[in-house]
Amino acid sequence: MADSTPPSQETLSNLLHETRSFPPPEELAAHANVKADAYERADEDRLAFWEEQAHRLQWERTWDTVLDWQPPYAQWFVGGKLNASVNCVDRHVDAGNGDRAAIQWEGEPGDSRTITYAELRDEVSQAANALTDLGVGKGDRVAIYMPMIPETVVAMLACARIGAVHMVVFGGFSVDALGQRLDDSQAKLVITADGGYRRGKPSSLKPAVDEAVADRPAVENVLVVRRTGQDVDWNERDVWWHDAVGGASSEHTPEGHDSEDPLYIMYTSGTTAKPKGILHTTGGYLTQASYTHWAVFDLKPETDVYWCAADIGWVTGHSYIVYGPLSNGATVVMYEGTPDTPHKGRFWEIVEKYGVTIAYMAPTAIRTFMKWGEEIPAKYDLSSLRVIGSVGEPINPEAYVWYRQNIGGGKTPVVDTWWQTETGAIMVSPLPGVTSGKPGAAMGPIPGIAADVVDEEGNSVPDGEGGFIVVREPWPSMLRGIWGDDQRYKDTYWSRFPGLYFPGDGAKKDEDGDMWLLGRVDDVMLVSGHNISTTEVESALVSHPEVAEAAVVGAADKVTGQSIVGFVILRGGEESVPDELLQELRNHVGSSLGPIAKPALLLAVPELPKTRSGKIMRRLLRDIAEHRDIGDTSTLTDASIMDVIAKQLPKK
Ligand code: 6R9
């Protein structure tokens with residue numbers, strides 16, 4: 001509906017005028033990997049800038065052409081050859097860093113493993129040999145349906161090593177979601193585990209795979225890691241990881257792959273339509289994943305301990321647990337379980353235990369920690385942290401300030417990083433040694449990225465106005481298409497504004513010219529002819545001291561077109577709240593944003609429907625608010641929450 005209408009100027013001028021600003025710490029700025037000149041160099045010659053970044057990697061053959069751009073198809077570092085797994089592993093061993101920890105893994109029950117770069121090379125080589133023995137070759141697709149264990153990383157890198165294309169499916173997805181992705185990608189091997197640990201108990205994975213592959217003969221083998229030791233049914237095509245990989249040689253001679261050879265497919269959960277298989281290739285993707293991880297987190301591989309608390313089944317796990325950090329030779333912390341198992345201080349216990357210096361997580365996690373209370377992180381020594389990041393949704397100014405204060409000790413820069421599965425790597429973000437951070441703003445495009453905010457005609461908007469975020473020039477880690485559906489690639493991203501990439505998000509430039517991301521344009525609400533972004537109303541709610549999380553939707557209304565229905569989680573977690581408080585919250589929104597933005601109905605709920613990457617699924621809340629049957633919930637973490645929320649709603 002509101003598909004092509006940008007947030008109105010009126011609403012935007014009402015926006016919270018953020019005056020807080022946090023300059024980079026002096027010490028960090030003095031030794032920062034990236035200084036302000038990077039923007040100038042990139043502006044002067046964008047291709048030369050990316051070419052310089054490509055030299056961060058080890059190439060078997062250098063490229064002939066930096067960019068071949070036949071809109072909307074880009075090829076980067078054409079003619080170059082490299083191996084992504086060599087760049088993430090062997091290279092560091094060859095440089096004398098074989099003893100450095102590559103992965104510090106923490107299992108949910110408290111078991112742990114340290115894997116050095118030398119050990120990782122051996123395991124990846126063994127897995128590459130095992131995959132080859134199972135008949136997997138270059139270009140074949142391999143599905144990975146795993147818990148958060150080191151073998152998941154090994155499996156991805158082994159595929160990259162032999163040129164097979166990995167396709168990781170969230171361990172929490174249903175049989176149907178897995179089956180649909182197997183059909184679309186025509187995967188020939190599935191790598192899975194008996195199960196993993198979540199919320200204090202073993203959850204199973206193998207039965208879902210058994211069911212999904214039963215009527216899918218294209219899957220030739222299922223390779224199974226033993227993680228929990230639970231009983232599993234055993235079928236003819238099943239192979240134990242410890243037999244196949246454990247028994248394989250740790251010698252493997254890698255070959256260079258073309259810069260444009262496919263590296264992986266990652267499905268993004270379309271809202272109603274079939275999921276899109278986003279295709280990424282090798283040289284450009286690895287260049288930008290590596291550069292952004294080094295630049296945005298100011299990574300010093302010798303001394304930093306880096307932790308990204310995302311799941312590997314999300315693109316964030318691909319670019320910022322695996323390809324970015326490992327290509328930079330970083331020490332990466334990886335955690336298997338949930339943040340409240342066995343207690344609500346688990347994340348901070350991990351930071352203290354490993355001396356984490358850089359942490360990266362989603363706003364949904366940050367808001368949950370706000371709800372649990374600041375006394376929990378206060379019990380741990382978090383003084384090792386020096387840069388903290390956010391990704392996945394707009395971070396509300398209040399959540400940003402809480403994060404900086406209670407996790408960052410009031411001193412660390414917060415990097416709010418905007419990007420998508422399709423962009424492959426970070427596009428818009430402050431740089432911690434350069435940018436003064438402003439709560440709630442992603443600030444501006446990183447060097448070498450031509451992102452802008454435009455109006456409906458595709459013209460750049462002046463400062464103080466809003467519209468749509470677009471990207472004007474191709475970038476190295478951009479998607480190369482949608483697997484098997486070229487028309488959809490053109491229609492989805494390149495048809496709204498001819499010649500510009502359209503990510504589907506609303507955005508604005510504030511009076512200082514800093515960029516704010518305002519959520520998906522299809523979530524924008526239309527109330528009495530005014531466009532109102534969900535992000536702004538939610539941020540206004542979260543800025544009230546009693547509110548930890550909020551989601552708002554526009555529900556059909558005979559009089560106003562749509563009316564705003566809000567769902568809030570209170571900081572103490574109470575569900576039965578006095579009407580006066582809800583009234584006060586409605587008024588609070590009214591006074592921050594104007595009466596038009598005041599929710600017509602506000603409900604206190606114990607939880608919100610979220611995807612595994614923590615995004616609020618507003619379309620399901622809209623179904624509830626409009627008293628409709630609830631749509632597809634297969635990508636929800638916990639579908640039972642929908643009944644709980646529906647019960648709160650007054651009858652029609
Ligand atoms: C990396 C990732 C992409 C969508 C994107 C936008 C939202 C991500 C954000 C953000 C505001 C940020 N998003 N980061 N919105 N500020 N820092 O999340 O990929 O799962 O494909 O989602 O997430 O709406 O378009 P993906």
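Worth knowing before you read on, the calculation uses all heavy atoms, side chains too, and leaves out hydrogens, waters and symmetry mates. First listed ligand is number 1; within each ligand, the first listed atom is number 1.
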Q: Just checking, any donor-acceptor pair under 3.5 angstrom between side chains of Arg56 and Ser290?
A: yes
Q: Do Trp50 and Gln288 come within less than 4.5 Å of each other through their side chains, counting heavy atoms only?
A: yes
Q: Just checking, any donor-acceptor pair under 3.5 angstrom between side chains of Trp483 and Asp184?
A: no
Q: Listing by chain and number, which residues have a heavy atom under 4.0 Å from ligand 1?
A: Trp314, Val315, Thr316, Val391, Gly392, Glu393, Pro394, Asp416, Thr417, Trp418, Trp419, Gln420, Thr421, Asp505, Leu517, Arg520, Lys615
Q: Looking only at side-chain N and O atoms, does Thr364 offer a donor or acceptor that is under 3.5 Å from a partner on Lys610?
A: yes
Q: Please list all pairs passing the side chain to side chain donor-acceptor pair (under 3.5 Å) test where one or both residues lie in residues 406-428, with sequence neighbours left out.
A: Tyr360-Thr417, Tyr360-Trp419, Trp418-Asp505, Gln420-Tyr501, Glu422-Tyr493
Q: Using 30° and 60° as the class boundaries, would you call the ring planes of Tyr320 and Phe297 parallel, tilted or perpendicular?
A: perpendicular
